[in-house]
Asker: 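Sharing a structure, written as C-alpha cells. Questions coming.
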Amino acid sequence: MPLPSPLSRSFYQRDPVTCARELIGCELLWNKTTGVVLETEAYAEFGDEACHTFRRPSARKFIAEHPAGTAYVYLNYGMYWLFNVLVKSPVSNGFVLIRAIEPTSGRSLMEQRRSSTNLKQLCSGPGKLSMAFGIRGSDHGTDLCAKASRCLLAASGIVAIQEDCRIGISTAQDYPWRFLLKGSHLVSVPCRKDKTVR
DNA sequence: TCTTAGATGTGA
DNA sequence: CACATCTAAGAT
C-alpha cells in the first residue's frame, strides 16, 4: 500500500489531528524552495478555543467556502505570516499549522529571504519558515492540490513521529496536538514529552 | 544559554 | 483588545 499523497485532495479529507500527524515527513514545495515538514499542530473548528474559528466568523466562512487542501495564511502579531492547511472530514474540520521545516533545496534563496546563513535560523518556527519560503498574505486561499510548484509531496519513507502539547497559545493548552519528526534538531521548541506515535 | 521587552496589523 | 511570533539586548 502506497502512502496517501498530499497531492490528492483525499489526503486532506481527514480530521485535523490525523492530517497534522501525517504531514510530518512530507515535503513542501513553494517559490523555488523545498523542505521536509518537521513540526505541525492541529486546530479543530469546534471545541477548540485556540482555533481561529472560535472567535472569528471569517475563519468559519473560509472553511465553508473552500475545499480541503486550501492554504489558510494569516498575519500574526502584526508581522509574521503563518502557514496553515485547511482540512475537512465528516467528523471534524480544522487547520494544520506548519511550524518547522528542514530545508532541502533553494537554501541560498532562503538565506536571502531570512537574512541569515544559519541553518538553525532558517525554518525553525512558523514565522521563520513562511519568510524562508516567501509565503505571504497573497497566498491565502491557494489550492495545494492544483499546482505542482506549490504543493506538498508524500514523505519519502516511514518516519518516527512524536506527539506533544501545542505551544505558544494561551487557551486549550492540554491537547496533545503537536507533532514532531523524532530526533530533529531543527524544530521550533524541542519535544517535552517522550511519546512516539508512529 | 536563558529571560525579557518591544515591534506591529488585523478581526471583532 | 487579543493574538498559533521573532529579535535584540542584557543577565547568568
Side-chain angles (χ1 to χ4, degrees), chain A residues 12 15-21 23-24 28 30 33 35 37-66 70-88 92-103 110-142 144 152 162-181 184-193:
Chain A
Y12 305 102
D15 67 278
V17 172
T18 301
C19 285
R21 187 180 61 236
L23 276 172
I24 299 296
L28 177 67
W30 206 275
T33 36
V37 176
L38 301 176
E39 181 183 343
T40 59
E41 279 178 1
Y43 288 83
E45 180 180 20
F46 299 112
D48 180 6
E49 214 180 330
C51 187
H52 270 188
T53 52
F54 195 82
R55 291 169 216 286
R56 300 187 181 189
S58 61
R60 301 195 283 269
K61 188 163 181 274
F62 185 90
I63 292 177
E65 294 177 349
H66 293 84
T70 304
Y72 179 83
V73 180
Y74 73 95
L75 192 63
N76 189 239
Y77 292 94
M79 270 184 247
Y80 300 103
W81 296 107
L82 269 62
F83 179 65
N84 302 252
V85 186
L86 171 62
V87 304
K88 301 174 84 167
S92 176
N93 300 327
F95 301 104
V96 175
L97 170 66
I98 310 295
R99 292 192 51 93
I101 284 178
E102 174 166 0
M110 292 188 190
E111 292 175 349
Q112 225 172 294
R113 292 169 179 156
R114 289 281 300 125
S115 309
S116 168
T117 54
N118 183 349
L119 177 62
K120 286 197 170 177
Q121 292 295 335
L122 293 184
C123 301
S124 59
K128 297 177 190 178
L129 74 87
S130 294
M131 214 180 290
F133 279 79
I135 295 170
R136 299 183 307 282
S138 54
D139 296 310
H140 187 52
T142 302
L144 299 177
L152 282 148
Q162 289 186 305
E163 76 164 39
D164 198 1
C165 289
R166 298 182 295 184
I167 56 175
I169 52 176
S170 50
T171 56
Q173 291 166 327
D174 296 330
Y175 299 98
W177 286 0
R178 185 165 80 115
F179 298 94
L180 305 108
L181 183 64
S184 175
H185 301 292
L186 299 174
V187 295
S188 66
V189 174
C191 190
R192 314 103 168 297
K193 280 188 181 180

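Just so we're on the same page: letters track the sequence lines, and every chain starts at 1. Scope of the values below: all heavy atoms of this structure, side chains included, with no hydrogens, waters or symmetry mates.
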Asker: Look at the side-chain N and O atoms of A:S170 and state whether any lies under 4.0 Å from the OP1 or OP2 oxygen of C:dA4.
Answerer: yes

Asker: May I ask you to decide if A:S188's main-chain N or O and A:E39's side chain share a donor-acceptor pair within less than 3.5 Å?
Answerer: yes

Asker: Would you classify A:Q121 as touching base, sugar-phosphate or nothing, given that sugar-phosphate means primed atoms plus P, OP1 and OP2, and contacts are heavy atoms under 4.0 Å?
Answerer: sugar-phosphate

Asker: Name the nucleic acid region contacted by A:L75, choosing base, sugar-phosphate or nothing; use a 4.0 angstrom heavy-atom cut-off, strictly under.
Answerer: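 Sugar-phosphate: the residue A:L75, judged by heavy atoms under 4.0 Å, touches backbone atoms but no base.
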
Asker: What integer distance in Å separates A:K61:NZ from B:dT10:P?
Answerer: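 From A:K61 NZ to B:dT10 P: 18 Å.
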
Asker: Distance criterion of 3.5 Å, no angle test: do you see the side chain of A:Y77 paired donor-to-acceptor with the base of B:dA7?
Answerer: no

Asker: Quickly work out the A:W81 CH2 to C:dC6 C1' distance and round it to whole Å.
Answerer: 16 Å

Asker: In Watson-Crick or G-U wobble terms, both distances under 3.5 Å, what is the partner of C:dA4?
Answerer: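 Paired with no nucleotide.
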
Asker: Please state how far atom CD in A:E45 lies from atom P in C:dA4, giving the value in whole angstrom units.
Answerer: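 Rounded to the whole Å, the gap is 17 Å.
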
Asker: What integer distance in Å separates A:R99:CZ from C:dA4:P?
Answerer: 11 Å

Asker: Contact class for A:R55 vs. all strands (heavy atom < 4.0 Å): base, sugar-phosphate, or nothing?
Answerer: sugar-phosphate

Asker: Evaluate side-chain contact (heavy atoms from CB on, under 4.5 Å) for A:H140 paired with A:Y72, printing each intermediate quantity in order.
Answerer: CA-CA 5 Å; A:H140 187 52; A:Y72 179 83; 3.3 Å; yes

Asker: If I take atom CG in residue A:D48 and atom P in nucleotide C:dA4, what distance separates them, rounded to the nearest angstrom?
Answerer: 10 Å

Asker: So, OP1 or OP2 of C:dT7: does either fall under 4.0 Å of a side-chain N or O from A:R114?
Answerer: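 Indeed, a polar side-chain atom of A:R114 lies that close.
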
Asker: Out of C:dT7, B:dA12, C:dA4, which nucleotide sits closest to the side chain of A:K128?
Answerer: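 Per side-chain heavy atoms of A:K128, the pick is C:dT7.
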
Asker: Any salt bridge linking A:E163 with A:K193? Criterion: basic side-chain nitrogen under 4.0 Å from a carboxylate oxygen.
Answerer: yes

Asker: Could you tell me the separation between the CZ atom of A:R178 and the P atom of C:dT5, rounded to a whole number of Å?
Answerer: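 Distance, rounded to whole Å: 11 Å.
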
Asker: State whether A:F62 and A:R56 meet the cation-pi test: NZ (Lys) or CZ (Arg) under 6.0 Å from the six-membered ring centroid, and within 45° of the perpendicular axis.
Answerer: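 Checked: cation-pi criterion not met.
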
Asker: For the pair made of NE2 in A:H140 and C1' in B:dG9, what is the distance, rounded to whole Å?
Answerer: 15 Å

Asker: Does any nucleotide pair with B:dT8 by Watson-Crick or G-U wobble geometry, both distances under 3.5 Å, and what is it?
Answerer: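 No nucleotide pairs with B:dT8.
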
Asker: Only one of A:T40, A:I167, A:L82, A:V37 clears side-chain contact (heavy atoms from CB on, under 4.5 Å) with A:R99; which?
Answerer: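 It is A:I167, the one option of A:T40, A:I167, A:L82, A:V37 that forms the side-chain contact (heavy atoms from CB on, under 4.5 Å) with A:R99.
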
Asker: Which nucleotide sits closest to the side chain of A:Y43: C:dA4, B:dA12, B:dA7?
Answerer: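 Nearest listed nucleotide: C:dA4.
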
Asker: Figure out the CD1/P separation between A:I98 and C:dT5, and round it to whole Å.
Answerer: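 Checked: the CD1 to P distance equals 14 Å.
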
Asker: Base, sugar-phosphate alone, or nothing: which one does A:S188 contact when heavy atoms must sit under 4.0 Å apart?
Answerer: nothing

